[in-house]
Enquirer: 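First, the structure itself, so that you have it in front of you.
In listed order, ligands and their atoms are each counted from 1. Computed from a predicted model, the values in this text were never measured in an experiment. All heavy atoms count here, side chains included; hydrogens, waters and symmetry mates do not.
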Amino acid sequence: MKASRRNFLQGGIIAATGWLSGKAFAATPQQEHSGNEHHPAKAAPRAPAHSAGSLGAGIVPVETPDVPKLPWTMDGGVKVFNLVAEPVKQEFLPGQTFDLWGYNGSAPGPTIEVNQGDRVRIVVDNHLPEFTSMHWHGFEIPVEMDGAPGISQEPIPPGGRFIYEFTLHQAGTFFYHSHMPMQEMIGMIGLFIMHPKEPYRPRVDKDFGIILQEYAILPNNTVPNTMSMEFNWLTLNGKTGPACTPMIVRQGDRVRIRVINLGMDHHPIHLHGNTFYVTGTEGGRIPEAAWIPGNTALVGVAEARDIEFDAKYPGDWMVHCHMPHHNMNQMSSMVGPMTRMPGMTAGKGMEEGMGIMHQGGPASEENGPSLGRGMGVGSTSEQAVANGPVSVEQAQHAGHGMQHHHHQGFDTEVAKNANSVPGFPQDAMMEGPGMAIDELVEKPETYGLPKGWSGYSMGMMTLVRVLPPETYDKIMALKNQRR
Ligand SMILES: [Cu+2]
């Protein structure tokens, strides 16, 4: 392998020079435009393809729960990937499917996993109805490959293709994303893991990757409002609690979790019951002398944070964003008293929120406590609200969960005088017979969780399950059966 790497590099330089020698923005061999017709990938057949293996000794593959890996083919010494930018249907929760844009049928897009030193070619096909461009976030690669539309390349037109090719000398947690901001907000990002040649010390037994995203989707809509500044769907790897697949760990394992964030908010990611060290950023590995212990890592927009810990303590440990509004699903229907008090207005816009009043004062009857919040449809008292996180039918289908309250002698989940209590509702979340959907989100990774658990998992919330060997083996066996 090493002997032939020199040849890959030479080949790459020729390819890059070929692009450079073309006129700026002119079609070149690496930029094929084919009008509006969609065509199957020619340069990168999707099968047969490699999907794992070929990592350095002692390095474990990254698991990205609920997100597929992107397979590749070899062309000489070059790993060839094909990413198709396209509209996708993404199911955040059972029965809650939204129209996003992503890659290869998934938003976020599939995870790319390579080794430090690899030469990679990534064929990007644009099956969107508008221009796009792919940026390799944090990559130290030639500027012609940077994916900055109008600067380093002409954007890729609908039906077009751009072939990126570069050699990767870095290692760490990186990502790819569309460089069109509104496309970023409708899902267009994916993890790009570069493994080091030698495993980091101490080496880990489990390595996970999580992408944080947020969407503003009005009730009875399926398309995110990418201009909104408020968000009601918060996702981990394109799923929202309780649909996020738990991370399964054997007690005693050393665990790494890589978290990246692309959205309009920063997310303090908190791990219960364990102290971790932040061992890496979007720039790569942090020297051990600079590791900082903690249990909450603030993952800013466009940042990556790697955390590592020894999973000493058995238990189902929550991992979640600690922004309270980020632990909710479809919260616009349940913004406190706004949904409850007859005659209260809601959904006042930015202008009023900034104090530009056309009538009345901020706390006047016209504006009310909703001023500037812009919650819009679903939070007004004049409209029927039909946007709970899960339909009653689905909850009934699940057949248990928070209904255990009834078994304990409660007639309803809320007190009879609830409407007269200032501040109500807060954690009622969804009224009606239960919101636990254990059976709908059941999978090997949820084996053995307490009945009704799913009723308390919302938004950016998942679990690291540190399991004794028997339970760990049982879940692995269930996973193998499912395959
Ligand atoms: Cu958050």
Enquirer: For the Cu ion (ligand 1), which protein N/O/S atoms are closer than 2.8 Å?
Expert: His267 ND1, Cys321 SG, His326 ND1
Enquirer: Atom OG1 of Thr245 and atom CG of Leu463: how far apart are they, to the nearest 0.5 Å?
Expert: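 If we round to the nearest 0.5 Å, Thr245:OG1 and Leu463:CG are 10.5 Å apart.
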Enquirer: What I'd like to find out is whether the side chain of Val278 reaches to under 4.5 Å of the side chain of Ile307, using heavy atoms alone.
Expert: yes
Enquirer: Report all side-chain donor-acceptor pairs from residues 294-302 shorter than 3.5 Å, counting only partners two or more places apart or in another chain.
Expert:
from	atom 1	to	atom 2	distance (Å)
Asn295	OD1	His270	ND1	3.4
Thr296	OG1	His270	ND1	3.0

Enquirer: Is the closest side-chain donor-acceptor distance between His320 and His326 under 3.5 Å?
Expert: no
Enquirer: Taking only residues two or more places apart in sequence, or in another chain, which ones meet Phe276 in a ring-ring contact (aromatic ring centres under 6.0 Å, His included)?
Expert: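 So Phe276 forms no ring-ring contact (aromatic ring centres under 6.0 Å, His included) with any residue.
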Enquirer: Holding to ring-ring contact (aromatic ring centres under 6.0 Å, His included), I want the full list of residues that pass it with Tyr103, two or more places apart in sequence or in another chain.
Expert: Tyr176
